[in-house]
A.B. asks: 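Handing you a structure now.
Bear in mind that the values here come from a model prediction, so they are computed numbers and not experimental data. Just so you know, residue 1 is the first one in the sequence shown, and it goes up from there.
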Amino acid sequence: MVHELVLWIQQNLRHVLNQPETGSGSEKCTFPTSTTVDDGLWVTLLHLDHMRARTKYIRTVEKWASDLRLTGRLMFLRKIILILLQGDRNSIKEYVVLQKTSKVDVDSNGKKCKEKMISVLFETKVQTEHKRFLAFEVKEYSTLDDLQKEFETAGLKKLFSEFVLGLVK
């Protein structure tokens, strides 16, 4: 709840400060409920460098996706870890903030640490050829072909060839 309050303040402080003072104090102060327009459904592909505390990390990612009403996949192919998210653009941004600011993994000494090695590979508004994911799932792939089929099924063949193939080499 505190995090949501901080986000709201970041988004609305400018509007609050710019409102003219009403000398009487009897008028109600109105704030916009949202300063952003609905951007529709977005898709984002994230790459994680590593995951040491795998079970706890996966539970955390699943919880965040659920709390933010995001769908998609947490995908593992050998040492490659990808997170494909679909949902409201603000929710995806909030997910990335959580991912970077929360202690979700452990370092080589076993101490809790923040995720510093995450990178956003791609983000765009969902196009008509993209499949809508119904849930957030964790999947492990044994071959590159299996991972490629997942992207093709989701209508993201170009995304796979442009961003994922480069990670395999």
A.B. asks: Do T60 side-chain atoms and K56 backbone N/O form a donor-acceptor pair below 3.5 Å?
C.D. replies: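 Pair found, side chain donor or acceptor close to backbone of K56.
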A.B. asks: Could you walk me through whether R132 and V126 pass the side chain to side chain contact (heavy atoms under 4.5 Å, CB included) test, one step at a time?
C.D. replies: CA-CA 8 Å; R132 169 82 170 142; V126 170; over 6 Å; no
A.B. asks: Check whether any side-chain heavy atom of Q99 lies under 4.5 Å from a side-chain heavy atom of I83, and answer yes or no.
C.D. replies: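 Sidechains of I83 and Q99: in contact.
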A.B. asks: Same cluster for V97 and W42 if Ile/Leu/Val/Met/Phe/Trp/Tyr side chains link at under 4.5 Å?
C.D. replies: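 In one cluster with V97: W42, no.
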A.B. asks: Distance from M75 atom CE to E140 atom CD, nearest 0.5 Å?
C.D. replies: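 So the gap between those two atoms works out to 12.5 Å.
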A.B. asks: If you define the side chain from C-beta out and look only at heavy atoms, does anything of F76 sit under 4.5 Å from I58?
C.D. replies: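 In short, these two side chains touch, coming nearer than 4.5 Å.
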A.B. asks: How many angstroms lie between OG1 in T124 and CZ in R89, if you round to the nearest 0.5 Å?
C.D. replies: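 Here the rounded value is 9.0 Å.
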A.B. asks: Would you mind reporting whether F136 and L85 have side-chain heavy atoms less than 4.5 Å apart?
C.D. replies: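 Yes - at least one pair of side-chain heavy atoms lies under 4.5 Å apart.
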A.B. asks: Linking I/L/V/M/F/W/Y whenever any side-chain heavy atoms sit under 4.5 Å apart, do L165 and L159 land together?
C.D. replies: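 Result: yes, single cluster for both.
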A.B. asks: Would you say K149 and Y141 make side-chain contact, with heavy atoms under 4.5 Å?
C.D. replies: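 K149 does not reach Y141 side chain to side chain.
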A.B. asks: How far does CZ of F151 sit from OG of S161, to the nearest 0.5 angstrom?
C.D. replies: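 Between F151 CZ and S161 OG, I get 10.5 Å after rounding to 0.5 Å.
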A.B. asks: As an exercise, state the distance from CG of L167 to CG of L121, rounded to the nearest 0.5 Å.
C.D. replies: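 Spacing of CG (L167) from CG (L121) equals 6.0 Å.
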A.B. asks: Compare all side-chain heavy atoms of D88 with those of R69 and state whether any distance is below 4.5 angstrom.
C.D. replies: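 No, too far: nothing below the 4.5 Å cut-off.
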A.B. asks: Using a 4.5 Å cut-off on heavy atoms from C-beta on, say whether the side chain of L147 contacts that of V168.
C.D. replies: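 Not touching, per the 4.5 Å side-chain cut-off.
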A.B. asks: Does a side-chain heavy-atom distance below 4.5 Å link L77 with L82?
C.D. replies: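 A side-chain contact is absent here, since even the closest heavy-atom pair is not under 4.5 Å.
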A.B. asks: With rounding to the nearest 0.5 Å, note down the distance linking CD1 in I80 to CG in L144.
C.D. replies: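 Reported to 0.5 Å precision, the distance equals 7.0 Å.
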A.B. asks: State plainly whether one hydrophobic cluster holds both V138 and Y95, where clusters connect Ile, Leu, Val, Met, Phe, Trp and Tyr through side-chain heavy atoms under 4.5 angstrom apart.
C.D. replies: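 Result: yes, single cluster for both.
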A.B. asks: State which residues pass side chain to side chain contact (heavy atoms under 4.5 Å, CB included) with T44; sequence neighbours excluded, sorted by chain then number.
C.D. replies: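 Side chain to side chain contact (heavy atoms under 4.5 Å, CB included) list for T44, sorted by chain: L46, I92, V120, E123.
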A.B. asks: What distance separates Q148 CD from E150 CD, expressed to the nearest 0.5 Å?
C.D. replies: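 That separation rounds to 12.0 Å.
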A.B. asks: Taking only residues two or more places apart in sequence or in another chain, which ones pass salt bridge (charged side-chain N to carboxylate O under 4.0 Å, His left out) with D67?
C.D. replies: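 Salt bridge (charged side-chain N to carboxylate O under 4.0 Å, His left out) list for D67, sorted by chain: K63.
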A.B. asks: Looking only at heavy atoms, what is the nearest atom pair of F133 and T71, with distance?
C.D. replies: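 Of all heavy-atom pairs spanning F133 and T71, the closest is O-OG1, 3.3 Å.
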A.B. asks: Any side-chain heavy atom of K139 within less than 4.5 Å of one from D146?
C.D. replies: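 Not in contact.
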